[in-house]
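Working notes, beginning with the structure itself.
Since we're looking at a predicted model, the values are computed, not measured.
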2 protein chains.
Amino acid sequence: MPSTQPASHGDGGRPRLTVMRDVAKLAGVSHQTVSRVLNNHPNVRQETRLRVLDAMESLNYRRNLAARTLVTRQSHTLGIIGFETTLFGPASLLYAIESAARDAGYMVSIASVRDLERRHVVEAVDRLTQHAVDGVIAIAPKLAVTNALAQVPPGLRRVAVGGAGESDAAPAVGIDNAAGARLATQHLLDLGHATVHHAAGPADWPEAHERIEGWRSTLYAAGAVVPPVEPGWWDAESGYERGRQLAADPRVTAIFCANDRIALGVLRALHEAGRRVPEDVSIVGFDDMPDAGYFLPPLTTVRQDFGELGRRALALLLEHMAGDSAAQPPHRILVMPHLVARASSAPPP
Amino acid sequence: MPSTQPASHGDGGRPRLTVMRDVAKLAGVSHQTVSRVLNNHPNVRQETRLRVLDAMESLNYRRNLAARTLVTRQSHTLGIIGFETTLFGPASLLYAIESAARDAGYMVSIASVRDLERRHVVEAVDRLTQHAVDGVIAIAPKLAVTNALAQVPPGLRRVAVGGAGESDAAPAVGIDNAAGARLATQHLLDLGHATVHHAAGPADWPEAHERIEGWRSTLYAAGAVVPPVEPGWWDAESGYERGRQLAADPRVTAIFCANDRIALGVLRALHEAGRRVPEDVSIVGFDDMPDAGYFLPPLTTVRQDFGELGRRALALLLEHMAGDSAAQPPHRILVMPHLVARASSAPPP
DNA sequence: TTTTGGTGCGTGAACGTTAACAATTTCGTC
DNA sequence: GACGAAATTGTTAACGTTCACGCACCAAAA
């Protein structure tokens, strides 16, 4: 007599998982009713619902999301395009987005790009697309990433976060870098410094560019001399190089650094040159990375809230996903940073 | 006359994506042959293969992974359970794992746990399971995470990476913390210090514990006094607190810090107390985080290679996944760290 | 009474792929 | 030139959901 239970392939595999049909049978209903209970459809009698719930419980039922995705075309997964995710900022963004996504019932898959070659970004997008993500958030400190988002198949929602800059490729959420730079620069001017020098970040990153602009415009508005800018990288080494130049110039009394790591390098260069901080030179950073308060001296800096940034980005994406297919005009959300005054800034000598 | 093309639901939705059948029709073969080409089955004539490939190209075909997952029960997705992923170490691990996974043809989904309450970890595992991940890697610096891996449904492969400690719940990959601590301590002893103090990490993290043990045993073997240990946290603030205590004790000439951030705090405390590094006190850290070379003074530290760690973890997971269902005895892979000597260590005064 | 409409549920058909097996062709060998 | 084996292709049936129906049933409206 043939078994009524269709054994799983050759019986060698794992025991067949429980599926809707099993739950249905135990509860004495059809699989469709189980589906309704699972999706909270209103038209199920309370008593039936409880019976089904019981059956699911006792069978330890988990719905098969692949099947669900197949038919609904919704994976309940979001894709994140990550760039430089070992840095503190991007890593924090990633975490914040993931947390918010979970609360909204979404899973996140991540596709890192190690450099910004167009084909790598496109390939990352492609992998996410294949995995049927419902939307994409790009941690996009560089314009190239944002622009590559134009490659995303139409209909797939996208948002850029962090830097991003102006782009038609996607709506964006970012820190108001110009305002942050203004905060820092004005703080130093208010302390009495004649002007403020800048240890800049890489010129092709919008974040760096906007900070330069904010700094420059503040000096200009105050009628102060605008010293020359020399772009660098985001790390302490770059700050050290730049710091050695600046330390050699006795007219330098205040330096605004494009981020805290650069400030760390500048701090060391000044120290080696025998110029004291803040007695001789004042330093202000940007980011407020975790241990900035323990630099020598504790660093005055501009704090950006990555958690907030990530949550906003997710909210924006979900909003776009909920919206009708009509393409909303991409807009840009700016989050305000604020100044954290510590010991590295003081009036000029 | 009824349309032969079954319009997608109400025609309001997106244009139907191209599927295997479309490719098959264009290439003049059956969909099964398309499948075979896609999966590199050997038994396809070269000419046919090219015709199919052409068709796929011209239709811009992407296979539907949900359908594939449904039938094969393999999602080609790996789950990562993340803990404290904004810290440099875990973030680096995450990145390394993702990179390696991509090269192996896997996607990664991430489930962060913000604290170590058992139900949170279990919930994270559950979400990953529902999404049908083929394997799980836990970034598990604490034993609680590793142990929670026991909850993973049997048959799902798992690996713990980073810290982890000894556990039967999963095979693990980690730094040889004891060896690293030995390196640091011996380095200081070799410089001529009578003994070495320790600014420890949190006591319930295996990493911290193992570093303590490595340090202690080295002192013991050298016949040096073993000063008391006081556990702290991983950040500069904790290091600062501990540093203030140690700075007050004139007998202290060498301090091994459980990580670089702690070292940063210790550095500040010593500086405030007027004790010079390395002239009066030598400092050695652990991690070699990006800017450790730009501390004041540049930090001698123990370098761990997170990239290597991540790659090893992934390799181990894939190996287990390939292995037959027989449970291999969980083993532990240790990666050796090495010392990076910089300016914060010198002979005692 | 008949109609209308809303509940509460079940039935059958997708969704797009791979697995199993059958059918056909090709090829080497006697 | 025939035969068996191997190579190549096609046919059908899963996989586990959700969607579009349809069928009872019951209450309220006509």
What residues in residues 30-41 of chain B put a non-hydrogen atom under 4.0 Å from any atom of DNA chain C?
->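 Of all residues in residues 30-41 of chain B, the ones placing a heavy atom under 4.0 Å from DNA chain C are B:H31, B:Q32, B:S35, B:N39.
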
All N/O donor-acceptor pairs, side-chain side in residues 26-34 of chain B, below 3.5 Å, sequence neighbours left out:
{"residue": "B:S30", "atom": "OG", "partner": "B:Q32", "partner atom": "N", "Å": "3.4"}
{"residue": "B:S30", "atom": "OG", "partner": "B:T33", "partner atom": "N", "Å": "3.4"}

So, is A:R68 close to the C:dC15 phosphate, meaning a side-chain N or O under 4.0 Å from OP1 or OP2?
->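 False: A:R68 side-chain N/O out of range (4.0 Å or more) of C:dC15 OP1/OP2.
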
Contact under 4.0 Å: B:Y61 side-chain N or O vs C:dT17 OP1/OP2 |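 So the side-chain polar atoms of B:Y61 do come within 4.0 Å of the phosphate oxygens OP1 or OP2 of C:dT17, strictly under.
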
side-chain contact (heavy atoms from CB on, under 4.5 Å) with [X]: which residues, sequence neighbours excluded?
X: A:Q130; answer: A:D126, B:R62, B:R63, B:L65
X: B:Q46; answer: B:R49, B:L50
X: B:A96; answer: none
X: B:V133; answer: B:T77, B:L128, B:V136, B:L156

In whole Å, what is the span from the [atom1] atom of [X] to the [atom2] atom of [N]?
X: A:R63; N: D:dG16; atom1: CZ; atom2: C1'; answer: 12 Å
X: B:E47; N: D:dT8; atom1: CD; atom2: C1'; answer: 12 Å
X: B:R51; N: D:dT9; atom1: CZ; atom2: C1'; answer: 11 Å
X: A:Q74; N: D:dT17; atom1: CD; atom2: P; answer: 17 Å
X: A:H131; N: C:dG16; atom1: NE2; atom2: C1'; answer: 16 Å
X: B:R21; N: C:dT18; atom1: CZ; atom2: P; answer: 13 Å
X: B:R62; N: C:dT17; atom1: CZ; atom2: C1'; answer: 17 Å
X: B:N43; N: D:dA5; atom1: CG; atom2: P; answer: 17 Å

N-O pairing of B:E47 and B:R51 below 4.0 Å =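 Salt bridge present between B:E47 and B:R51.
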
Have a look at B:N64 and say if it touches a base, only the backbone sugar-phosphate, or nothing, with a 4.0 Å heavy-atom cut-off.
->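 Sugar-phosphate only.
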
For the side chain of [X], starting at C-beta, report the closest nucleotide among [options].
X: B:T48; options: D:dT17, D:dG16, D:dT9; result: D:dT9
X: A:T72; options: D:dC15, D:dT18, D:dG16; result: D:dT18
X: A:M20; options: D:dT18, D:dG10, C:dC9; result: D:dT18

Position toward the 5' end of DNA chain C (nearest nucleotide), B:L70 or A:P42 =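 Of the two residues, A:P42 wins.
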
Starting from the 5' end of DNA chain C, give me the residue, B:A67 or A:R49, whose nearest nucleotide shows up first.
->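 On the 5' side of the pair lies A:R49.
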
Are the side chain of B:D134 and the backbone of B:L78 linked by a donor-acceptor contact shorter than 3.5 Å?
->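 Not at all, since once roles are kept as given, no pair shorter than 3.5 Å links the two residues.
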
